[in-house]
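Small disclaimer: the values here were computed from a predicted structure and weren't measured. Proteins get letters first, then strands, A, B, ... in listed order; numbering begins at 1 in each.
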Amino acid sequence: MAAKRTILWFRKGLRVHDNPALVKACEGASAVQPVFVLDPWFIKPERVGANRLRFLLESLTDLDASLRARGSSLLVLHGDPARVIPAALEAWRCDRLCYEFDTEPYAQKRDASVNEAARALGVEVHAPVSHTLWDLDRLLAKCPRGEPPTAYASFLKIAHGVGPVPPVAPDVPSITPLSDGDALSDGKDLVDALRDVVTGSGIPSLERLGYEPIKAGEGFPARGGETEGLARLRKMLARTTYIAEFKKPQTNPTELWTPVLGKEGKVKGAPPANPFEAAKKSSKEPKSTQLAEAFMAPATTALSPYLKFGCVSPRTFWHELRAVLDVELGGKHSKPPESLEGQLLWREFYYLAGYGTPNYDRMAGNRICRQIPWTWDEERLAAWEESRTGFPWIDACMMQLKQEGWMHHLARHAVACFLTRGDLFVHWEAGAAVFDRELVDADWALNNGNWMWLSCSCFFYQYFRVYGPVSFGKKYDKEGAYIRKYLPQLKDMPAKYIYEPWTAPIEVQRKAGCVVGVDYPAPIVDHAVASKECIEKIAAAYNAHKNGTAGSIVAAGKKRKAGDGV
DNA sequence: GCATAGTTGAGAAA
DNA sequence: TTTCTCAACTATGC
C-alpha cells in the first residue's frame, strides 16, 4: 500500500485518546495534518454563546498541546468547511481524509458535500464512529420499521441486542507531520479560500472572534479540553460511594459548585464565594494530599460539555465506569435509568431518536412530536430568557444559564416546564433555541429531545405533573442561597418570602432593599391559573391527536371515561 | 383485547 | 413519612 498523505479533520471528538479517526489517519501515512475549521455559520454570538465558544477554544488549545507532544500540531482554519476542506486536500496533495462520524443533520449535509468533493479529487474518506457508544446505524437496523423507540426500556433492549460497547481505540504515540517543505504551520501556501487562516498561536481569542470577554467570576467554572475532562472523569470515578449511590433525579439542582474530594465526598464548611478562584487556589497551595485531590463540582458530574465536544470519549467513560461498578463495587450500585451508566444510555437514547427521526428539532413534520398550539409570545419569551418572570427560582436558574452556560438537569426541567406546558405556553422550539445558544454542553439530540420531553410533546406525557415555580426550588433550598447568589437584588429578602417576594409586606420589601415592581418584577402569571389553563390546552391537543390517528374515532371514543364531556 | 410496568410532580389525606 | 389522586402514553406479555 502506498503511503498516504492524510488530513485529520477534527470537529467534535477533540481528543487524542480513543480516537479511531486519528488511528486510521496514522495507518500507513507518510504525513498527517490535523485541522479544525471554525465555521462562521456557527461562530457568532446569536448562535453560540461566549461560554461554549470559550470552552471550545480551550479544548482546541489543549488538543494542540497534545498533538505537539506527539510531533504534530493543530491547524485552525476559518471558513465554510465544505469549501475549506476540499481546498486543503487539493493544496496539500492529500489522498486521504479522516474524521469522526457525526449524526446531526447539519453535519450529515456538510459531510456529504465534503465527501463528494473528496471523491472528485480521488481522496479516500474514513469516518469511524466514536461519538456514541454504539454505531447508530446498527442500533437503527434493530428498530422495528427503522423507527427509534420513544421509551427508555425499549431502547435498552435494542442497545443490549447489538452486543457490548466496542473497546476504545489504541493510543497513538507519535504523528508524522507534513514536513516535506509544505510549510503548513501558517497556511501561507493555501489557495484563496484559505487566505483568512488565523496566524500566530493558531487558536484565536474570544475577542478576536467578535465576542465580549466573559466577566471575572462568571463563566463555566471549569476549563475545556481533554486533559481537564479526563482528570475530572477520573476524580469522579475515585468517588466510589458517590458512583454507587448516584441517582440523577435525587441530585440537588440548587447545589452550588463546591470542593469535592476523591473518596470523601463533599468538603466540610461553607462554599467559597468564588468557586473558580477557590479551585485554582486549592490546586496551587495544597494543604494536604486530600485537599490536592479536591475539585469543584455541583451535585452532578458536570462532564456533559466534555462529552458534547468529545474531549472525553463516551466509551472511555463507559468502560472505566463499568470497571468501578463491576470490580470495586461488585455490582452493588444504582441502576439505569437513574444511575451514572443510565445517564450515558439516556444520551445514546436521544442520539438514536435524533438520528432516526426526520424533523426531530421541530414540531412540524415530526412524526414523534405531539402537535400542540403553542404561542410565540415574544414578551413572555423575553421575560423568561432575561430572568424577569418575577419567580425568583426560575429567574435565578436562567441567570445561572446566562452567566455560566450551565445549570443542573432538574433546573433545566423547571425552566423548560415553566416556559412551555407549565405556565407560559410558549413553543418549546423557542426555549430550545435559547438553550442551544447559551449552554456550554448544548447538544442537538439531547437538547431537542429534552425539550420535547418537558413540553410533553414526546417521551413523557403526564402533562398534569407540573413543576411549581415556587415549590420545586424551595424543596431543596429553604434558605434560598441559590437565589441569593444569582439574583443579588434579593439577597437580603427573608427566607420566608424569597421564593414569593410579592407576598412580603411592603415594609419587609423596603427593609430588604428590594421592592417588587421596582427592584424586582412582579410575577408575570398567576401559577395556579396559568398551569390550569395550560393543562386544559394540552388535554385538548391530546384529544385531537387521539381522534385523528391510528385505530379510529370509535376506538378512541371507547377509551373515554364517563364525564369526559364532548 | 387487556393488564401491567415504567415513566425525573404537587399537595392533600392518611 | 407514605399513599393517593389529578385530565396520559408506550411497549410488552399473555
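- Ring pair Phe459(A)/Tyr152(A): centre-to-centre distance not below 6.0 Å.
- Between dA7(C), dA10(B), dT7(B), one nucleotide has an atom nearer to the side chain of Ala539(A) than all others, and that is dA7(C).
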Using nucleotides 12-14 of chain B, report all nitrogen or oxygen pairs with the protein that are shorter than 3.5 Å.
none

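- Using bins of under 30°, 30° to 60° and over 60° for the plane-to-plane angle, the ring pair Tyr482(A)/Trp393(A) lands in the tilted bin.
- At the heavy-atom level, Lys247(A) lies nowhere under 4.0 Å from the strands shown.
- What separates NZ of Lys248(A) from P of dT8(B) is a distance of 11 Å, to the nearest Å.
- Contacts of Glu536(A) classified as salt bridge (charged side-chain N to carboxylate O under 4.0 Å, His left out), with partners at least two apart in sequence or in another chain: Lys532(A).
- Rounded to a whole Å, the CD atom of Gln250(A) is 15 Å from the C1' atom of dT7(B).
- Across dC4(C) and dT4(B), the matching P atoms stand 15 Å from one another, rounded to whole Å.
- Nearest to the side chain of Ile535(A), among dT10(C), dT8(B), dA7(C), sits dA7(C).
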Polar atom pairs between nucleotides 11-14 of chain C and protein, under 3.5 Å, N or O only, would you list them?
from: dA11(C); atom 1: OP1; to: Thr150(A); atom 2: N; distance (Å): 3.3
from: dA11(C); atom 1: OP1; to: Thr150(A); atom 2: OG1; distance (Å): 3.3
from: dA11(C); atom 1: O3'; to: Ser154(A); atom 2: OG; distance (Å): 2.9

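- Between the P atom of dT8(B) and the OH atom of Tyr463(A) lies a distance of 18 Å, rounded to the nearest Å.
- A salt bridge between Arg315(A) and Glu320(A) is absent, with no side-chain N of the basic residue lying under 4.0 Å from a carboxylate O of the acidic one.
- When each of Trp428(A), Phe435(A), Tyr360(A) is checked for a ring pair (Phe, Tyr, Trp, His ring centres under 6.0 Å) with Trp451(A), only Phe435(A) meets the rule.
- The pair Lys142(A)-Asp137(A) does not meet the salt-bridge criterion, since no charged nitrogen lies less than 4.0 angstrom from a carboxylate oxygen.
- Side-chain atoms of Asp395(A) and Ser387(A) form no donor-acceptor pair, as typed in the model, at a separation below 3.5 Å.
- Counting any heavy atom pair closer than 4.0 Å across all strands shown, Phe464(A) reaches a base atom.
- Expressed to the nearest 0.5 Å, how far CH2 of Trp318(A) lies from CG of Leu133(A) amounts to 6.5 Å.
- Between the CH2 atom of Trp346(A) and the P atom of dT8(B) there is a distance of 5 Å, given to the nearest Å.
- Computed from coordinates, the Asn543(A) CG to dC9(C) C1' distance equals 13 Å when rounded to whole Å.
- For the pair Gln462(A) CD and dG9(B) P, the computed distance is 8 Å after rounding to whole Å.
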Secondary structure string for DNA chain B (Watson-Crick or G-U under 3.5 angstrom, | for other-strand pairs):
|||||||.||||||
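- At a threshold of 4.0 angstrom between heavy atoms, the contacts of Arg412(A) with the nucleic acid are absent.
- Here dG9(B) is the nucleotide among dC9(C), dG9(B), dA7(C) with the atom lying nearest to any side-chain atom of Arg465(A).
- Applying the ring-ring contact (aromatic ring centres under 6.0 Å, His included) criterion to Tyr542(A), with sequence neighbours excluded, gives Tyr463(A).
- Legend: residues meeting salt bridge (charged side-chain N to carboxylate O under 4.0 Å, His left out) with Arg388(A), ordered by chain and number and at least two apart, are Glu386(A).
- At a threshold of 4.5 Å between non-hydrogen side-chain atoms, the residues Lys248(A) and Thr300(A) count as touching.
- Lys335(A) has its NZ atom 14 Å from the P atom of dT7(B), to the nearest Å.
- Residue Lys546(A) places at least one side-chain N or O closer than 4.0 Å to OP1 or OP2 of dC9(C).
- For the pair Arg421(A) CZ and dC6(C) P, the computed distance is 18 Å after rounding to whole Å.
- For the salt bridge (Lys or Arg N to Asp or Glu O under 4.0 Å) criterion with Lys12(A), the lone passing option out of Glu100(A), Glu104(A), Glu226(A) is Glu104(A).
- Residue Phe472(A) has its side chain nearest to dA10(B) when only dT8(B), dC9(C), dA10(B) are considered.
- Residue contacts shown for Glu536(A) include a base, since a base heavy atom lies under 4.0 Å away.
- Remark: Lys537(A) NZ is packed, more than 12 non-hydrogen atoms of other residues, nucleotides or ligands lying under 6.0 Å away.
- The side chain of Trp453(A) lies closest to dT7(B) when the candidates are dA8(C), dT7(B), dG9(B).
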